[in-house]
Amino acid sequence: ELLAPCPHGGPDLAELEELGVSPDGLLDFSVNCNPFGPPPGIRGAAERARWDRLPDSQATRLRHSLASVLGVSPSNIVVGNGSIELIRFLALAFFEHGDTVVVAGPTFGEYETSLRIAGATPLLFQVSEQEGFRPNPEVLAGFLKCQAKGMFLCNPNNPTGVYLSHDEVEGVVQAASESLLILDEAYVPFVDGAWNSLDLLGEGNLVVLRSMTKDFALGGLRLGYAVGSGPLMEALRKVLPPWNVNAVAQEAGVLALEDPDYPARCLPAIIEARDYLVSELTKLGLRPWPSRTDFFLVEVGDGAAVRHALLRQGCLVRDCASFGLARYIRISALTLPDCRRLIEAMGRLLA
C-alpha cells in the first residue's frame, strides 16, 4: 500500500515563488514555535561543536543536562533528531504487523504515517466538533484494556489545543499495563499552568515525548527527546540510527538548558498575543475555538482558500484539511506587531 504524504506547516518555497511572495518578509503563523527565537547566545553552539568528529550517538552531555532539569535518570532519556524521528522509531520499536494502535484525533498526521511504515494498523478515534474536540478518557482507557497494543495521544492536542487534565491522563496510563501509551507533549511548554506528566512514569507503560524545537525555537536544528522507563528507552535505542543528532544540535540543547526557564519567561507575551488574535478575530465575526496553548482553530468556511488569500498578503496560516477539518485554519501566535498585521490582512480579506 502506498503511503500518502503527511502535510505539515511551514513555507513551500516553490509556492511562494509562484505567488511572488518573498520568504524573507513572510509572517509564518502555520508553525507552532516560540516566536521570540532561541535564547541569547545559542548560536555559540556552532563554535563549540566539533565539526571534524562524529557526534556522540548517545547525546550523553545533553541527556545529563535534561536529566538534571527533569529530575530523572539519564538512562530514562533518548534524544532524537526532532520528535518526529522518535515517533517513527517508537512505532518501529514497539509495534508490528497485526497490531492495532489507537490514534486519538483529529491530530498530528505523523502518528498514522509512522504506524503504517511499521506495518501496524492505526485505529483512528475521531472526536467531533459537537464534543468540543475533547476525547473521553474512559473510552481511550477502554481501547487499551480491550484491543489496542498502544496509543498515540497528543496533549495539548495539535491542532485543537485541547489539554487533558492529570487525572484524565492518569486513567489512560493505568490502562496501559499490557500496552503502550505514547504521550506527545511537544506543546506543553506553551500551556499556562501545565501539570507534570513525568510523575506518571511508574504507573504504566508510558513514553513522554517533548520537542526542544518548539519552546527553545530550535526548529532548524531539529531536537526532541523521549522519557520513559529504562527498559522502554533501551528498546528504543536499539532501533535508532547511529549519530542521529548532529553535534551542533547537541551543543545547542546543552546551551539552552543552561537557562531552562527561558520558555516560561516568554509564555506571558505569547499568551497575550494569542488572546489578542482571538479577540480581534471574534470582532471580525469569526469563531476561534478555545485553546490551552499558543495555537487555535478558526472556522472560516474554506480553509484552503483563506490560506491562499492570506499567503498572497504575506501571512501563512495552516490549512486544516489534512486533519479532516477543511472548514478550519490553524493560527499560532507570533509577536503582537506581527499579529496586528495578520488581523489587518484578515480584515481586508473579509471586507
Counting C-beta onward and ignoring hydrogens, is there a side-chain heavy-atom pair between [X] and [Y] closer than 4.5 Å?
{"X": "Ile182", "Y": "Tyr111", "result": "no"}
{"X": "Leu62", "Y": "Val254", "result": "yes"}
{"X": "Leu144", "Y": "Leu140", "result": "no"}
{"X": "Pro288", "Y": "Leu277", "result": "no"}
{"X": "Leu66", "Y": "Val79", "result": "yes"}
{"X": "Val188", "Y": "Pro156", "result": "yes"}
{"X": "Tyr276", "Y": "Arg340", "result": "yes"}
{"X": "Pro23", "Y": "Leu13", "result": "yes"}

Report task. Please report the C-alpha distance between Arg61 and Glu251 in whole Å, then the side-chain angles of each, then the deciding distance to 0.1 Å, and finally whether the side-chain contact (heavy atoms from CB on, under 4.5 Å) criterion is met. Result -> CA-CA 9 Å; Arg61 291 179 56 239; Glu251 287 291 344; 2.9 Å; yes
Of all heavy-atom pairs between [X] and [Y], which one has the smallest distance, and what is that distance?
{"X": "Asp294", "Y": "Ser332", "answer": "OD2-OG, 3.3 Å"}
{"X": "Val31", "Y": "Gly10", "answer": "CG2-N, 3.3 Å"}
{"X": "Leu297", "Y": "Pro159", "answer": "CG-O, 3.4 Å"}
{"X": "Val278", "Y": "Thr282", "answer": "O-OG1, 2.7 Å"}
{"X": "Trp243", "Y": "Pro55", "answer": "CD1-O, 3.1 Å"}
{"X": "Ala141", "Y": "Ala175", "answer": "O-CB, 3.5 Å"}

Atom [atom1] of [X]: over 12 foreign heavy atoms under 6.0 Å:
{"X": "Glu258", "atom1": "CD", "result": "yes"}
{"X": "Arg134", "atom1": "CZ", "result": "yes"}
{"X": "Glu234", "atom1": "CD", "result": "yes"}
{"X": "Gln126", "atom1": "CD", "result": "yes"}

[atom1] of [X] to [atom2] of [Y]: how many Å apart, nearest 0.5 Å?
{"X": "Leu164", "Y": "Glu170", "atom1": "CG", "atom2": "CD", "value": "13.0 Å"}
{"X": "Ile343", "Y": "Asp338", "atom1": "CD1", "atom2": "CG", "value": "12.0 Å"}
{"X": "Ile42", "Y": "Tyr262", "atom1": "CD1", "atom2": "OH", "value": "9.5 Å"}
{"X": "Lys145", "Y": "Gln174", "atom1": "NZ", "atom2": "CD", "value": "8.5 Å"}
{"X": "Arg312", "Y": "Leu349", "atom1": "CZ", "atom2": "CG", "value": "12.0 Å"}
{"X": "Leu27", "Y": "Arg341", "atom1": "CG", "atom2": "CZ", "value": "4.0 Å"}

Can you check whether [Y]'s main-chain N or O pairs, donor with acceptor, with [X]'s side chain at less than 3.5 Å?
{"X": "His64", "Y": "Thr60", "result": "yes"}
{"X": "Asn157", "Y": "Pro106", "result": "yes"}
{"X": "Asn205", "Y": "Ala176", "result": "yes"}
{"X": "Arg63", "Y": "Pro74", "result": "yes"}
{"X": "Asn246", "Y": "Ala249", "result": "yes"}
{"X": "Glu110", "Y": "Ile87", "result": "no"}
{"X": "Asp275", "Y": "Glu272", "result": "no"}
{"X": "Glu203", "Y": "Leu200", "result": "no"}
{"X": "Asn76", "Y": "Gly228", "result": "yes"}
{"X": "Ser291", "Y": "Thr293", "result": "yes"}

Report task. Apply side-chain hydrogen bond (donor to acceptor under 3.5 Å, both in side chains) to the pair Glu85 and Asn244, showing each step before the final yes or no. Result -> CA-CA 9 Å; Glu85 179 187 58; Asn244 63 313; 2.9 Å; yes
Query raised in the report: Mind checking whether His8 and Phe108 have parallel, tilted or perpendicular rings, split at 30° and 60°?
Result: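 If you compare the ring of His8 with that of Phe108, the planes turn out tilted.
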Query raised in the report: So, Phe295 versus Tyr187, ring centres under 6.0 angstrom or not?
Result: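 That pair passes the under 6.0 Å test.
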Requested in this report: Run the numbers on Asn32 and Phe190 for side-chain contact (heavy atoms from CB on, under 4.5 Å), then give the verdict.
Outcome: CA-CA 9 Å; Asn32 314 317; Phe190 300 113; 5.5 Å; no
For residues [X] and [Y]: do they belong to one hydrophobic cluster (side chain heavy atoms under 4.5 Å, members Ile, Leu, Val, Met, Phe, Trp, Tyr)?
{"X": "Val102", "Y": "Val169", "result": "yes"}
{"X": "Val139", "Y": "Val103", "result": "no"}
{"X": "Leu124", "Y": "Val162", "result": "no"}
{"X": "Val298", "Y": "Met346", "result": "yes"}
{"X": "Leu70", "Y": "Leu218", "result": "yes"}

Query raised in the report: Between Leu180 and Phe95, is a side-chain contact (heavy atoms from CB on, under 4.5 Å) present by the stated rule, with each step listed?
Result: CA-CA 10 Å; Leu180 177 66; Phe95 307 123; 4.2 Å; yes
Query - Presence of salt bridge, Arg307 and Asp319, under 4.0 angstrom - result: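 Answer for the salt bridge query: no.
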Report task. Give a yes-or-no answer on whether the side chains of Asn158 and Arg330 include a donor-acceptor pair shorter than 3.5 Å. Result ->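 Arg330 and Asn158 do have a side-chain donor-acceptor pair below 3.5 Å.
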Requested in this report: Would you check, one step at a time, whether the test side-chain contact (heavy atoms from CB on, under 4.5 Å) holds for Val21 with Leu316?
Outcome: CA-CA 11 Å; Val21 176; Leu316 177 60; over 6 Å; no
